[in-house]
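Letters go in sequence order (proteins before strands), and every chain restarts at 1. Scope of the values below: all heavy atoms of this structure, side chains included, with no hydrogens, waters or symmetry mates.
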Number of protein chains: 2
Amino acid sequence: MTKPATAPRRSDATKAAILVAARERFAADGYERATIRAIARDANIDPSMVMRYYGNKEGLFVAASAIDLRLPQLGALPGKHVGSVLVAHFLDRWENDDVLTAMLRVGVTNEAGAERMRAVFAEQIGAVTAGVCPVPAEAPHRAALVAAQILGMALTRYVLRFGPAVEMPRDEVIAWLAPTVQRYLTAETP
Amino acid sequence: MTKPATAPRRSDATKAAILVAARERFAADGYERATIRAIARDANIDPSMVMRYYGNKEGLFVAASAIDLRLPQLGALPGKHVGSVLVAHFLDRWENDDVLTAMLRVGVTNEAGAERMRAVFAEQIGAVTAGVCPVPAEAPHRAALVAAQILGMALTRYVLRFGPAVEMPRDEVIAWLAPTVQRYLTAETP
DNA sequence: CTGGCATGTCAACGGTCGTTGGCCTACATT
DNA sequence: AATGTAGGCCAACGACCGTTGACATGCCAG
């Protein structure tokens with residue numbers, strides 16, 4: 001039962017190499033400046049291969065930006081530590097997954113990227129907030145506040161690279177942001 | 001003494017029109033997709049005029065993105081309201097000045113834009129934090145935290161346009177963010 | 001009136017991009 | 001071994017970009 005339904009094709013490695021290169025380029029350069037030619041060069045293949053396997057540039061971006069935030073199930077955790085767990089989790093994800101930076105860089109100047117980002121955050125963060133915030137109807141609301149704080153730190157630390165935000169040790173970032181996220185999730189509406 | 005040293009030239013109106021169009025385009029499209037041709041079309045002139053007056057595209061961006069956050073002097077204000085005053089001020093600025101959105105959109109995919117943004121926030125927010133945070137040496141530190149929260153909200157509300165972040169009334173945004181900013185500015189280090 | 005400078009238009013250059021179609025090669029099946 | 005097909009390369013197209021230089025027009029000083 002572990003065997004795939006279809007035999008692995010020889011081109012699978014090429015497709016995967018294209019995706020890896022695409023993620024790096026989108027993360028580093030954003031949508032416009034990440035050219036198909038550069039991505040193909042990184043993957044050591046011809047640009048026309050990208051078209052064959054992904055149709056066009058937007059199809060490539062869609063394929064390269066499948067995102068799973070891998071948010072933990074917070075329901076069973078001690079309610080008071082939700083903030084720090086979430087912040088720590090996002091720092092890890094951001095430092096180990098080019099896709100998140102790519103999504104952020106692309107979403108800012110590309111409507112399709114922005115739409116993808118809205119969907120990811122609404123679904124995945126929304127699902128978490130729905131489980132922990134006092135009034136379930138406010139979940140999207142709370143999710144937006146959390147997203148603003150998390151994305152703001154990702155922006156300053158990993159994209160814009162403000163000196164102080166980059167140099168701040170991981171523990172310190174968590175110590176400062178955790179109470180904020182905690183409050184956005186669980187506090188009574190002010 | 002109110003007269004300028006040089007007589008106003010007839011081209012001043014054109015130069016200004018170019019800047020207005022450039023700010024709108026950079027704010028709406030980011031650096032790459034904001035083409036000189038489109039900016040010139042908006043300003044009802046020939047693209048070569050842009051080159052004549054601003055040298056090249058980067059020169060145009062530099063001229064179009066002179067930023068003054070107009071941060072109030074907080075020293076004389078009641079220390080406890082600093083957070084809400086700052087948040088309210090930034091919401092106003094962001095809703096009434098294309099340059100801020102332009103800076104954000106450009107800074108994410110353009111190194112020169114990022115550098116400009118780092119300078120603006122370090123100088124202007126840093127100056128404010130230096131006046132109100134308990135340990136002056138921590139001012140850049142605190143400024144980075146404030147910037148992360150403010151930029152995160154600007155990103156979700158004005159650029160990515162997350163539904164809940166857009167629909168949240170202004171007062172509510174202030175009520176939620178003010179305590180956060182207040183804490184980043186004045187709390188003891190956690 | 002006339003010359004010179006500021007203002008603006010027009011056409012084109014070289015370059016890069018996304019994208020396409022034809023051609024070659026190597027493997028798997030028969 | 002023959003052959004069909006998937007995988008891959010190459011050259012080119014048309015579009016658009018930033019940028020340039022030649023040329024027309026208006027304005028003002030002499």
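For the residue pair R142(B)/T186(B), the side-chain donor-acceptor check at 3.5 Å is not satisfied. Residues T35(B) and R25(B) have side chains that never bring a donor and an acceptor to within less than 3.5 angstrom of each other. In summary, the side chains of Y31(A) and E58(A) do not present any donor paired with an acceptor at a separation below 3.5 Å, with no hydrogens or angles considered.
Looking at R157(B) and V173(B), their side chains come closer than 4.5 Å, going by heavy atoms from C-beta outward. Contact of the L145(A) side chain with the M153(B) side chain is registered, since non-hydrogen atoms from C-beta on lie closer than 4.5 Å. Between L86(A) and L71(A), the closest side-chain pair of non-hydrogen atoms falls below 4.5 Å.
Within the structure, the side chain to side chain donor-acceptor pair (under 3.5 Å) test picks out the following pairs touching residues 109-133 of chain A (sequence neighbours left out): S65(A)-R116(A), E111(A)-R118(A), E115(A)-R118(A).
A donor-acceptor distance shorter than 3.5 angstrom exists from the side chain of R105(A) to the backbone of V108(B), with no hydrogens or angles considered. Remark: the backbone N or O of R93(B) is not paired with any side-chain donor or acceptor of R70(B) at under 3.5 angstrom.
When the P atom of dG21(C) is taken as reference, atom CE of M49(A) falls 16 Å away, rounded to whole Å. Atom pair I39(A):CD1 and dC17(C):C1' shows a separation of 12 Å (rounding to whole Å applied). Summarising the geometry, the separation between CD1 on I36(B) and C1' on dT9(C) is reported as 17 Å, rounded to the nearest angstrom. The interatomic distance linking K15(B) (NZ) with dT7(C) (C1') rounds to 11 Å, in whole Å. Between R25(A) atom CZ and dG18(C) atom P the separation is 12 Å, expressed in whole Å.
Residues passing the side-chain hydrogen bond (donor to acceptor under 3.5 Å, both in side chains) test with E172(B), sequence neighbours excluded: H141(A).
By the 30° and 60° cut-offs, the orientation of the rings of F90(B) relative to F121(B) is parallel.
Scanning DNA chain D 5' to 3' for nucleotides with an atom closer than 4.0 angstrom to a non-hydrogen atom of chain A gives a first and last hit of dG7(D) to dA12(D).
Contact check on R41(A) versus D46(A) returns no salt bridge, with no Lys/Arg side-chain nitrogen under 4.0 Å from an Asp/Glu carboxylate oxygen.
Within residues 52-60 of chain B, the residues that place at least one heavy atom under 4.0 Å from DNA chain C are, in residue-number order, R52(B), Y53(B). The stretch residues 103-114 of chain A does not touch DNA chain C, since none of its heavy atoms comes less than 4.0 Å from the strand.
Taken to the nearest 0.5 Å, the CE atom of M117(A) stands 4.5 Å off from the CG atom of L151(A).
Toward the 5' end of DNA chain D, the nearer of the two residues S11(A) and Y31(B), judged by each one's closest nucleotide, is S11(A).
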Filtered N/O pairs between nucleotides 10-15 of chain C and protein, under 3.5 Å:
| residue | atom | partner | partner atom | Å |
| --- | --- | --- | --- | --- |
| dC10(C) | N4 | D46(B) | OD2 | 3.3 |
| dC10(C) | N4 | S48(B) | OG | 3.1 |

